[in-house]
Protein chains: 2
Amino acid sequence: MQPTLYGEYRKLDRGGEARRSLAYLRLRRAIQNAIEFGAFPPGHALPSERDLAKKLALSRVTVRKAIGGLVEDGLLTQRHGAGTFVAERIVKSFSRLTGFTDDLRARGLKPRVKFLERGVGEVTPEEAMALNLSPGADVIRLRRLRFADDKPLAVEATVVPAAVIADPNAIKLSLYDALGQIGCRPTRALQRLRAIALGADDAELLECDTGSPALAIERRAFLDDGRVVEFTTSLYRGDAYDFVAELHGG
Amino acid sequence: MQPTLYGEYRKLDRGGEARRSLAYLRLRRAIQNAIEFGAFPPGHALPSERDLAKKLALSRVTVRKAIGGLVEDGLLTQRHGAGTFVAERIVKSFSRLTGFTDDLRARGLKPRVKFLERGVGEVTPEEAMALNLSPGADVIRLRRLRFADDKPLAVEATVVPAAVIADPNAIKLSLYDALGQIGCRPTRALQRLRAIALGADDAELLECDTGSPALAIERRAFLDDGRVVEFTTSLYRGDAYDFVAELHGG
DNA sequence: CGTAATGATACCACTTTCATACCACTGATT
DNA sequence: AATCAGTGGTATGAAAGTGGTATCATTACG
């Protein structure tokens, strides 16, 4: 039997001794399940917010909160006056290859970004090497200060070939969201991690002392065809970010 | 029957005899067990601090102390005004783990190991927590200094339950070889990486200045049945070692 | 005697949830 | 073209529950 939205929601109700999840999160999971199991094909309209609220005995605020999250994730699309629809191009949710924003959201922290620089320019020789581009090609440069719950956590310098994203302003919060929307979400990445001492400039941005330890991460992300879509150098405050990895195999 | 949080807590109470852990440590272990045995799936809410305190006849201060530790470990997430939740793990999957020895060889460096300590002792509370052992159990402790071309590169402290390997001298070169020979080769490991400043002792061993940045890696390796067979804390000189990881999505 | 663990209590800030109401837009009907 | 029912977008207020924090008292231990 095909899962229904209402059935999915009620199924998630069982919680044993644990307090149930928050209603809007439960509903959100229910909708997401229904979509991923195919109960709602792409383009299909969801019941209206008022209908959902009434049928599930929830308030419209709660329903909107659930839907809102999925809209932000690109799973749903809303059109003012028309309705809520399953997005045509569903961005595969990558459980493992995630960017900073997803990481923080998964941890329940509020991500915030302050742009220090956002512009277009010509590649430097080093960038050309890292991105595998020809000299003279254009790239987008981003320099971002990242906050978690309003505490500075990392400075990040990102270089993206202009051939991938032409308009720097298309990147609002998450680079990976922007890449996903144009179907260029990377499937593989190489990271290089090391510990360094913070320089004066970066230390000031991160509101800690010069020379304090930081985690430096360089990442090159690849598409299926091998093109590099991103080269990012990040400095994470050593006392504020842990990198957790799960290893498999024998 | 699935373990429950309250059941877990009371079970730990019966440890009885002379050695009863502090209440907040016991509760902390109980919660951790409940999570790791799946009683609380990721994303689900714990009972509120007030509920826990009331049901377990503890004060809220004690409950908060227990929860606080797990939050710091990244196992739980708290949101002001919302509740306490089992953290969704940020998992980076390393498909190819560049082992220490192989990596050095690839760089044309000669690896060498010097044992600083190798013996049996009783677990400390922290180790008991990491290895999920009862207080008073015996463990093997290894402390090794790793060199590349005769320059110190890392200090490594490893703890293995004596229940797994009884004789410390059975471990000659590679811990994983020794584990494999008795059929206890781990299939899964969790690593935690962060940047720290070196303390005086470790700095001296690594022949660099106190306070210089280092890469701290904690690793817990698991068997199929979930038992922890190894807990290792490594400190790599920040200026001498890069950690390279390959990430996969989809 | 001091310290640490624990308990009891109170208050604050925040989130969730509900109940309304009204606005702005869409699409189809008239 | 005008209308209208249904949609999402926004705002308000209120109640209940949550974690965050502080204070003070009690107990156990060295």
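All figures in this text were calculated on a predicted structure; none of them were measured in a lab. All values below come from the heavy atoms of this structure, side chains included, with hydrogens, waters and symmetry mates left out.
Nearest heavy atoms, B:G211 versus B:A197: O-CB, 3.7 Å. The shortest heavy-atom contact between B:T232 and B:E230 is OG1-OE2, 2.6 Å. Taking both residues in full, the closest heavy atoms of A:P42 and A:A87 are given as CB-O, 3.6 Å, listed atom of the first, atom of the second, then distance.
Identified under the salt bridge (charged side-chain N to carboxylate O under 4.0 Å, His left out) test for residues 196-217 of chain A, with sequence neighbours left out: A:R143-A:D202.
Residues A:L76 and A:V86 form a side-chain contact, since some pair of their non-hydrogen atoms from C-beta on lies under 4.5 Å apart.
Just one of A:K114, A:R144, A:R219, A:R141 meets the salt bridge (charged side-chain N to carboxylate O under 4.0 Å, His left out) condition when paired with A:E156; it is A:R144.
A search for side-chain hydrogen bond (donor to acceptor under 3.5 Å, both in side chains) contacts involving B:Q32 returns B:E36, not counting sequence neighbours.
Interatomic distance, CD of B:Q78 versus OG1 of B:T84, reported as 4.0 Å (0.5 Å rounding). The line from CG of A:L235 to CG of A:L215 is 9.0 Å long, rounded to the nearest 0.5 Å.
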Would you list the atom pairs, donor with acceptor, under 3.5 Å between side chains in residues 55-68 of chain B and any protein atom, with sequence neighbours excluded?
from: B:S59; atom 1: OG; to: B:V61; atom 2: N; distance (Å): 3.1
from: B:S59; atom 1: OG; to: B:T62; atom 2: N; distance (Å): 3.4
from: B:R60; atom 1: NE; to: B:E49; atom 2: OE1; distance (Å): 2.9
from: B:R60; atom 1: NH2; to: B:E49; atom 2: OE1; distance (Å): 3.0
from: B:R64; atom 1: NH1; to: B:E49; atom 2: OE1; distance (Å): 3.3
from: B:R64; atom 1: NH1; to: B:E49; atom 2: OE2; distance (Å): 2.9

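Between A:K65 and C:dT17 there is no side-chain polar atom (N or O) within less than 4.0 angstrom of OP1 or OP2. Within the 4.0 Å cut-off from OP1 or OP2 of C:dT16, at least one side-chain nitrogen or oxygen of A:Y24 is found. Contact between the side-chain N/O atoms of A:Q78 and the OP1/OP2 oxygens of D:dG9 is found at a separation under 4.0 Å. Between B:T84 and D:dG19 there is a side-chain polar atom (N or O) within less than 4.0 angstrom of OP1 or OP2.
Separating the CD1 atom of B:I67 from the P atom of D:dG19 is a distance of 7 Å, rounded to the nearest angstrom. Nucleotide D:dT18 holds its P atom 16 Å from the CG atom of B:L76, rounded to whole Å. Atom pair A:L46:CG and D:dG6:P shows a separation of 19 Å (rounding to whole Å applied). To the nearest angstrom, C1' of D:dA16 lies 13 Å from CG of A:L22.
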Item to complete: Quick one, give me the B/S/- string for nucleotides 24-30 of chain C, reading 5' to 3', where B means a protein heavy atom under 4.0 Å from the base and S means that only happens at the primed atoms, P, OP1 or OP2.
Response: BBBS---

Response to the item:
Contact string for nucleotides 25-30 of chain D, one letter per nucleotide 5' to 3', B = base within protein heavy-atom range under 4.0 Å, S = sugar-phosphate only, - = neither, reads ------

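The closest donor-acceptor contact from the side chain of A:R237 to the backbone of A:L206 lies under 3.5 Å.
Residues from residues 48-63 of chain A that place a heavy atom under 4.0 Å from any atom of DNA chain D, listed by number: A:S48, A:E49, A:R50, A:R60.
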